[in-house]
Amino acid sequence: LLSAPLAWMLLVYVVALAALLITSFWSVDSLSSEIDRTWTLDNFRTLLENEVYRNVTVRTVGVALAVTVIDVAIALPIAFYMAKVATPRVRRMLVVAVLTPLWASYLVKVFAWRVVLSEGGLLEWSGVPNPGYGLSAVVIAQAYIWLPYVILPIYAALDRVPDSLLEAAGDLGAPTRTVVRTIVMPLLVPGIVAGAIFSFSLTLGDYITVNIVGGTSQMLGNLVFVNAGAANNLPLAAAIAMIPIVVMLVLLAAIRRTGALENL
C-alpha cells in the first residue's frame, strides 16, 4: 500500500539530487553572470584548492560531531530513566516534555539562545561563564534544538528491551557492567545510530543558527546560502551542497558495514 507513495518520494528525491549534481558541473559567465551549461570540474577544483572551503568543511563536520556526541551523552540517561525507571505516569509526562520543544518555532528557539548568550544576558546574570557568540554558541544551541530527535529513538530502543531479560541476567549473577555490555548495548545501538544520524545530518546542513549565534563563523550551509543568493553563483552553491551529501553517504556506508542499519 505504501509502495506507490514511497516510490514517488524516492523519485522526487533522486531527481532533486541528480539536478543538484548536474548543476554543480556548470559555471557562471564572468561577464554576463549567466549560467554556462558547459560541463566543467572548475567548481570542484575550487573546493579542493581553496583553503577557505577546506577549513569550513572541517569546521562543519567538527561542529556536527560535537553536537552529536553531546546529544547522545545527554539522551542516554534521560531515555534510560524514561524507559526503565520512571512510573507510567511520570513516563508520559517526560515524553510530553521531550516532545513539547518540537512545537516551538525553530527561529524562536535560536533567538532565545541568542538572548541567553548575549552580553549581559541570562547566562552572565546567573554567574555562568558566557562563551559569547561563536562556534561554542552554535554547538550549544544546536545540541538543544536536536536533542529530542536523539532522545526519542534511544527511548524507543530501550523500551523494547524486556525487563524480564534484565531480571533474568541479574538472577543468574551477571554483574551490571556485563548486563549493559552484552544485553543492553547490542539492543540499544540501533537507537543510538538513528539519533546520531538525525543530529549529525541536521547540524551538517544548518545555516540559520550560525547566522544568529555564530558570530563571524561560517559553515557549509552559509556558503551555499551566500553563493545561491548574493553571489548569484548557483553552480558553485550546488557543488558546495554536494559536500554534506557525500559526507553523509560515507557515514552511512561506514555504519552499514557495522550492521546497525539492518536493525533500525
Tyr106, OH: over 12 other non-hydrogen atoms inside 6.0 angstrom: yes
Determine which pairs satisfy side-chain hydrogen bond (donor to acceptor under 3.5 Å, both in side chains) with at least one residue from residues 240-250, sequence neighbours left out, and list them in order. none
All ring pair (Phe, Tyr, Trp, His ring centres under 6.0 Å) counterparts of Phe225, not counting sequence neighbours: Tyr207
Verify the cluster assignment for Val250 and Leu21: are they in a single hydrophobic cluster under the rule of side-chain heavy atoms below 4.5 Å apart? no
Output every pair passing side-chain hydrogen bond (donor to acceptor under 3.5 Å, both in side chains) with a member in residues 12-37, not counting sequence neighbours, ordered by first then second residue. Asp29-Ser32, Asp36-Thr38
Considering residues at least two apart in sequence or located in another chain, which fulfil the salt bridge (charged side-chain N to carboxylate O under 4.0 Å, His left out) criterion with Lys84? Asp163
Contact check, side chains of Ile197 and Leu252, non-hydrogen atoms, under 4.5 Å: yes
Can you confirm whether Leu107 sits close enough to Ile212 that some side-chain heavy atom of one is under 4.5 Å from a side-chain heavy atom of the other? yes
Got a sec, which pairs hit side-chain hydrogen bond (donor to acceptor under 3.5 Å, both in side chains) with one end in residues 72-83, sequence neighbours left out? none
Mind checking whether Met242 and Leu249 sit in one hydrophobic cluster, side chains of I, L, V, M, F, W, Y counted as touching below 4.5 Å? yes
Sequence-distant partners of Val12, side chain to side chain contact (heavy atoms under 4.5 Å, CB included), two or more places apart: none
Restricting to pairs with a member in residues 115-143, which pass ring pair (Phe, Tyr, Trp, His ring centres under 6.0 Å), not counting sequence neighbours? none
Would you indicate whether Phe80, at its atom CZ, is surrounded by more than 12 heavy atoms from other residues, nucleotides or ligands within a distance under 6.0 Å? no
Identify all side-chain donor-acceptor contacts of residues 137-154 below 3.5 Å with residues at least two apart in sequence or on another chain.
unit_1: Gln142; atom_1: NE2; unit_2: Asp206; atom_2: OD2; d: 2.7
unit_1: Trp146; atom_1: NE1; unit_2: Thr203; atom_2: OG1; d: 3.2

Sequence neighbours excluded - salt bridge (charged side-chain N to carboxylate O under 4.0 Å, His left out) pairs with any residue from residues 88-109: none
Cluster question for you: counting only ILVMFWY and a side-chain heavy-atom cut-off of under 4.5 Å, with indirect links fine, are Leu135 and Val128 together? yes
For the residue pair Leu122 and Val115, establish whether any side-chain heavy-atom pair is separated by less than 4.5 Å. no
Would you kindly confirm whether Leu99 and Val90 end up in one hydrophobic cluster when ILVMFWY residues are joined by side chain heavy atoms under 4.5 Å apart? yes
Can you classify the ring geometry of Phe25 versus Trp39 as parallel (below 30°), tilted (30 to 60°) or perpendicular (above 60°)? parallel
Given the rule that I, L, V, M, F, W and Y join up when any side-chain heavy atoms are under 4.5 Å apart, are Val224 and Val246 in one cluster? no
With sequence neighbours left out, what residues match Arg45 under salt bridge (charged side-chain N to carboxylate O under 4.0 Å, His left out)? Asp42
Side-chain heavy-atom pair Met248, Leu204 within 4.5 angstrom cut-off: yes
Inter- and intrachain pairs under side-chain hydrogen bond (donor to acceptor under 3.5 Å, both in side chains), touching residues 220-235, at least two apart: Asn211-Asn222
State, with a plain yes or no, whether a side-chain heavy atom of Met82 is found less than 4.5 Å away from one of Val98. yes
Other than Trp103, which residues form its hydrophobic cluster under the rule that side-chain heavy atoms must be closer than 4.5 Å? none
